[in-house]
Amino acid sequence: MILVTGASGFVGRALLCHLAAQGNAVRAAYRNDAVSPPAGVQSVSVGDLGSKQDWGAALQAVNVVVHAAARVHIMKDVAIDPLLVYRKVNVDGTLNLATQAAAAGVRRFIFLSSVKVHGESTAEGGAFRADKEPIPVDSYGISKLEAERGLQVIAAQTGMEVVIIRPPLVYGPGVRGNFAALMHAVVRGIPFPLGAINNRRSLVALDNLVDLIVTCLDHPKAGNQTFLVCDGEDLSTPDLMLRMAGAMNKTAYLIPLPISLMSVIARIFGKSAALQRLCGNLQVDITETVDVLGWKPPIDVDEGLRRAVVQWRK
């Protein structure tokens, strides 16, 4: 039996459907009873993720836990102490579940972390590696790293195997947030002053991430390892928009505005962080993932974008 938390989320839903289609015995953990699981999937209501939650019923006969539930990264967090709130869910809630999972005899615990444990950007020509010391800079990244380290302690004390997966931005069918907003802008023909940008960013298609998670369910070399994941092809922001437009049979209008001028404008309007996400580098090196697991992304960027666009148009 496989228990999936965060079952109503972007990644969790896709993983459930994939596992059920393969004929696996799957149980979906939801915050309440209002969500219906895919056909063939058991469901259990577990309430809010925290240090007091009783996972006894959810963990019965479970062999592997895939923990995708989290307080996700929030662009404009209004919490008085964001780190405290992130820790309550992402650290305390995760370690409480893992402790109970180990006591229940769970063999492997797969934790969906984030590339943000490494930081917000990479130097030109550089890339994040799983074997390098993480240096998170925001509350979300800090909470994910603290959860990782707590899980490693539990693994050492109990013998339960822990697998950590650190994805960058995930896109695919059902994507929301900034990626969906970018698709809206492209289809409406809105011009962007991004033509002069020559950055490199790693992304991961939802289907590629799900495939790696499934690989880690029972791969003999995955236990107690940390893996980075991406599509294996890094894109500049203009290239992403052009290929997104191609998947839509649209044209992306890119104006080559000097980056120095955009930086001045961004500072004036308090958008420097947003500009960094558009113009900066964030690359991940998946060499170790490929070597250890013999894994490679099953679909390429263009197919990932096509699948995202098909669902978005619906």
Side-chain angles (χ1 to χ4, degrees), residues 9-18 21 38 68 72-73 75 112 114-115 121-122 127 165-215 228-257 259 262 274-286 289-290 295-314:
F10 177 47
V11 176
R13 286 195 310 270
L15 178 61
L16 280 180
C17 293
H18 184 92
V72 298
H73 182 248
M75 298 300 297
L112 201 63
S114 169
V115 76
S121 62
T122 52
I165 299 175
R166 297 171 178 165
L169 187 149
V170 185
Y171 68 96
V175 67
R176 298 180 181 179
N178 290 338
F179 202 92
L182 192 60
M183 288 195 290
H184 278 284
V186 169
V187 81
R188 292 170 62 187
I190 297 174
F192 281 82
L194 305 175
I197 297 173
N198 188 29
N199 62 341
R200 287 291 180 270
R201 298 190 73 86
S202 299
L203 310 173
V204 62
L206 178 60
D207 293 289
N208 287 337
L209 176 57
V210 167
D211 189 78
L212 178 63
I213 294 171
V214 172
T215 299
L228 291 173
V229 59
C230 70
D231 291 334
E233 178 186 3
D234 298 338
L235 306 178
S236 68
T237 301
D239 192 23
L240 171 62
M241 296 185 67
L242 289 170
R243 291 164 77 167
M244 183 185 292
M248 297 177 170
N249 293 319
K250 297 288 183 179
T251 299
Y253 298 97
L254 300 173
I255 302 169
L257 196 68
I259 295 178
M262 286 197 295
L275 183 65
Q276 169 60 32
R277 287 190 294 273
L278 282 172
C279 302
N281 298 304
L282 195 158
Q283 296 177 266
V284 301
D285 183 344
I286 62 170
T289 306
V290 173
W295 177 87
K296 65 178 182 179
I299 65 172
D300 60 19
V301 171
D302 293 311
E303 177 61 17
L305 290 173
R306 187 194 68 80
R307 294 182 185 185
V309 167
V310 168
Q311 181 65 31
W312 175 80
R313 280 178 167 163
K314 293 180 180 179

Distance in Å, [X] [atom1] paired with [Y] [atom2], rounded so as to fall on 0.5 Å steps:
{"X": "Ser114", "Y": "Ile165", "atom1": "OG", "atom2": "CD1", "result": "12.5 Å"}
{"X": "Leu203", "Y": "Leu209", "atom1": "CG", "atom2": "CG", "result": "12.5 Å"}
{"X": "Glu303", "Y": "Asn208", "atom1": "CD", "atom2": "CG", "result": "10.0 Å"}
{"X": "Leu182", "Y": "Leu240", "atom1": "CG", "atom2": "CG", "result": "6.0 Å"}
{"X": "Tyr253", "Y": "Ile190", "atom1": "OH", "atom2": "CD1", "result": "12.0 Å"}
{"X": "Asp207", "Y": "Leu15", "atom1": "CG", "atom2": "CG", "result": "11.5 Å"}

Over all atoms of both residues, closest heavy-atom pair of Val204 and Pro168:
CG1-CD, 3.9 Å
Restricting to non-hydrogen atoms, name the atom on Cys230 and the atom on Pro297 that form the minimum distance, rounded to 0.1 Å.
O-CG, 3.5 Å
Is the closest side-chain heavy-atom distance between [X] and [Y] below 4.5 Å?
{"X": "Ile255", "Y": "Phe192", "result": "no"}
{"X": "Ile299", "Y": "Asp211", "result": "no"}
{"X": "Leu254", "Y": "Leu242", "result": "yes"}
{"X": "Tyr171", "Y": "Leu206", "result": "no"}

I'd like to know whether Val229 forms a side-chain contact (heavy atoms from CB on, under 4.5 Å) with Thr289, so could you lay out the CA-CA distance, the side-chain angles of the two residues, the decisive distance to 0.1 Å, and finally the verdict.
CA-CA 7 Å; Val229 59; Thr289 306; 5.6 Å; no
Qualifying residues under side chain to side chain donor-acceptor pair (under 3.5 Å), relative to Gln311, sequence neighbours excluded
none
Applying side chain to side chain donor-acceptor pair (under 3.5 Å), name anything that partners Arg201, two or more places apart in sequence or on another chain.
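Not a single residue meets the side chain to side chain donor-acceptor pair (under 3.5 Å) criterion with Arg201.
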Going through the checks in order, is the side-chain contact (heavy atoms from CB on, under 4.5 Å) test met by Met183 and Val175?
CA-CA 10 Å; Met183 288 195 290; Val175 67; 3.7 Å; yes
Verdict with reasoning, Leu235 to Arg200, per side-chain contact (heavy atoms from CB on, under 4.5 Å):
CA-CA 5 Å; Leu235 306 178; Arg200 287 291 180 270; over 6 Å; no
Is there a donor-acceptor pair closer than 3.5 Å between any side-chain N or O of Asn199 and the backbone N or O of Ser236?
no
Spell out, as yes or no, whether a donor-acceptor pair under 3.5 Å connects the side chain of Arg313 to the backbone of Met248.
yes
Got a sec, which pairs hit salt bridge (Lys or Arg N to Asp or Glu O under 4.0 Å) with one end in [range], sequence neighbours left out?
{"range": "residues 170-181", "value": "none"}
{"range": "residues 234-257", "value": "Glu233-Arg243, Asp239-Arg243, Arg243-Asp302"}
{"range": "residues 177-199", "value": "none"}

His184 vs Trp312 aromatic rings, parallel, tilted or perpendicular, using cut-offs 30° and 60°?
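Perpendicular, since the angle between the ring planes exceeds 60°.
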Using the test side-chain contact (heavy atoms from CB on, under 4.5 Å), find all partners of Thr122 that sit at least two apart in sequence or belong to another chain.
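Phe128, Asn281, Gln283.
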